[in-house]
Every structure is written in structure tokens, then in C-alpha cells.
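These notes are about the structure you will find just below.
Treat the numbers as computed from the prediction; the structure is a model and nothing was measured.
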Amino acid sequence: ACAVKTTDKDQFLYIGNTRVFLFDVIEAGPTSQLGWFSFADLKNSRKGHSCALISNKVVVSGGYDSSNKIMSSTEIIDLSTKSVTTGEDLKLKVPRSFFGMVTLGNADYQMVLAFGGEEKGVIETWDQYNNEWAIYDDGDAGLLKVPRSDFGSVAINVKSICKGSKVANKN
């Protein structure tokens with residue numbers, strides 16, 4: 001399963017198997033059933049997948065299907081219309097499970113990175129304008145030195161936690 005904060009600061013989506021639930025903290029606390037609402041279901045059952053928010057959409061990719069085959073498929077949940085889009089052209093270039101997916105950038109320019117997974121060192125980027133994945137190719141920077149899986153990940157703006165610090169730009 002995966003969870004992702006929505007564009008509303010008081011809500012998040014929980015995505016597991018085919019089910020998608022919205023939780024609203026204004027409605028109830030975390031132990032109450034009152035804050036949970038059904039959302040659009042995914043087209044494909046999956047476990048070991050990852051998800052990330054970009055613009056007003058949630059990208060859900062990879063994982064294992066119901067027959068335990070590693071998936072490359074991607075589904076897009078539109079938060080405005082509560083609809084789910086899937087298709088052959090939305091596939092990851094490298095099937096993966098138990099991997100990380102984060103959104104980087106600001107509101108004007110965002111990108112989603114997919115990295116790691118069982119024996120996967122390749123990093124992919126999601127192009128939200130063309131709805132497709134691409135291999136991130138920046139020499140050695142486009143590969144994990146040691147493939148990793150089964151980890152948590154979060155993208156943080158270093159300036160938000162290190163006020164006044166200067167961030168070195170390594171070229």
C-alpha cells in the first residue's frame with residue numbers, strides 16, 4: 001500500500017490493492033471510521049507499489065499483481081474528477097516493486113522520480129505533460145550505486161528545515 005497527501009492540506013489518499021480511500025482529518029481523528037471515504041478504485045490490483053502527487057493527480061506505479069508478477073503499469077488518479085486512467089503507454093520502463101517515488105520541484109515545475117526496487121538501480125522520471133516515464137540519464141547520477149528496495153522515502157526542501165543555510169551545488 002501507499003499513501004499520499006492531496007492538494008488539500010487536511011486530506012490524504014490511502015491506496016492498497018484496488019481500493020483507494022480518502023481520509024479527511026477535519027471529519028475525524030486517525031482512529032475513527034468517520035474520516036474515511038471511498039474514492040475511485042484502481043483498475044489493477046497491486047501490492048508493493050508506490051505513489052506520488054504531481055499537480056492535482058496521483059501517479060500509482062509498479063508493485064506485484066494478483067499472480068505475484070512484478071508490474072510496470074501506471075494508473076493516474078485525477079483528484080478533481082475522481083477518475084482513474086490507465087493504458088499501455090503509461091508503463092514504467094523497468095518493472096519494479098517495493099521502490100521509492102517522490103515529487104521534486106515547486107508548483108511551476110515538478111517531476112516525479114521512481115527509484116530502487118528489487119534489484120533495480122535505474123532511476124525513472126515521470127513526464128506529466130506527455131504522460132510517460134523516461135529513464136533518467138545523467139551518467140552515473142542516473143543510477144543507484146547499490147540497488148535498494150523495501151525503504152521509505154520523502155522529498156524535503158532543505159531550506160525549510162535549515163533556515164538561512166546555504167546549500168552547496170555540486171556539479
Side-chain angles (χ1 to χ4, degrees), residues 1-8 11-23 37-155:
C2 66
V4 65
K5 182 186 152 312
T6 68
T7 52
D8 184 320
Q11 298 176 343
F12 70 88
L13 287 183
Y14 168 84
I15 304 162
N17 292 321
T18 59
R19 302 301 312 266
V20 180
F21 293 99
L22 174 79
F23 184 76
F37 302 95
S38 289
F39 214 75
D41 286 344
L42 296 179
K43 311 281 190 223
N44 299 295
S45 179
R46 55 182 77 230
K47 58 186 177 189
H49 54 280
S50 288
C51 57
L53 175 71
I54 186 164
S55 298
N56 201 36
K57 297 178 180 176
V58 178
V59 179
V60 183
S61 295
Y64 284 99
D65 65 14
S66 56
S67 62
N68 288 325
K69 181 180 175 204
I70 297 178
M71 303 170 73
S72 60
S73 67
T74 295
E75 298 184 57
I76 309 298
I77 302 170
D78 187 313
L79 296 176
S80 300
T81 63
K82 296 184 179 179
S83 62
V84 177
T85 303
T86 187
E88 287 296 313
D89 54 338
L90 302 178
K91 289 185 174 186
L92 289 160
K93 301 297 183 198
V94 178
R96 56 180 82 218
S97 61
F98 299 106
F99 62 104
M101 214 157 85
V102 294
T103 304
L104 301 176
N106 58 34
D108 295 328
Y109 180 77
Q110 293 181 318
M111 70 184 327
V112 172
L113 295 181
F115 51 95
E118 297 177 318
E119 302 299 323
K120 305 296 185 240
V122 175
I123 299 172
E124 296 184 56
T125 59
W126 174 253
D127 180 339
Q128 68 175 322
Y129 303 107
N130 295 315
N131 284 339
E132 64 184 4
W133 288 101
I135 300 293
Y136 179 73
D137 188 12
D138 191 17
D140 286 342
L143 295 173
L144 296 176
K145 301 280 188 250
V146 177
R148 303 189 185 281
S149 67
D150 301 290
F151 57 87
S153 57
V154 63

#### Entry: Sub-4.5 Å side-chain heavy-atom contact between I70 and Y64
yes
### Query
At their closest point, which heavy atom of V60 faces which heavy atom of C51, and how far apart are they?
CG2-CB, 4.1 Å
### Query
Which heavy atom of T74 sits nearest a heavy atom of L92, and at what distance?
OG1-N, 4.1 Å
### Task
Using a 4.5 Å cut-off on heavy atoms from C-beta on, say whether the side chain of I76 contacts that of V59.
yes
### Query
Within a radius of less than 6.0 Å around NZ of K5, do more than 12 heavy atoms belonging to other residues, nucleotides or ligands occur?
yes
### Query
Rounded to the nearest 0.5 Å, how far does CE of M111 lie from CH2 of W126?
13.0 Å
### Task
Hey, could you give me the NZ/CG distance between K57 and N131, rounded to the nearest 0.5 Å?
6.0 Å
### Query
What closest approach, in Å, do F99 and A114 show between heavy atoms, and which atom pair accounts for it?
CE1-CB, 4.0 Å
### Query
Does S72 reach the main-chain N or O of K91 with its side chain, forming a donor-acceptor pair under 3.5 Å?
no
### Query
Do the non-hydrogen side-chain atoms of W133 and V94 ever get within less than 4.5 Å of each other?
no
### Message
Nearest 0.5 angstrom please: R96 CZ to M101 CE, how far?
### Response
10.0 Å
### Message
Tell me whether E75 contacts the main-chain N or O of V84 through its side chain, where contact means a donor paired with an acceptor under 3.5 Å.
### Response
no
### Task
Can you see which heavy atom on C2 is nearest to which on S50, and at what distance?
SG-C, 3.9 Å
### Query
Rounded to the nearest 0.5 Å, how far apart are CG of L42 and NE2 of H49?
7.0 Å
### Separation between NZ of K93 and CD1 of I135, rounded to the nearest 0.5 Å
7.5 Å
### Atom of T7, atom of S55 and distance for their closest heavy-atom approach
CG2-O, 3.5 Å
### Summary
Distance col, row L104:CG vs T125:OG1, nearest 0.5 angstrom, shows 10.5 Å
### Salt bridge present between R46 and D65 (N-O < 4.0 angstrom)
no
### Task
Test F39 against every option in T6, I15, I77 by the side-chain contact (heavy atoms from CB on, under 4.5 Å) rule and name the one that passes.
I77
### Query
Does some side-chain heavy atom of D41 sit less than 4.5 Å from a side-chain heavy atom of R19?
yes
#### Entry: pair F12-L53: side-chain heavy atoms closer than 4.5 Å
no
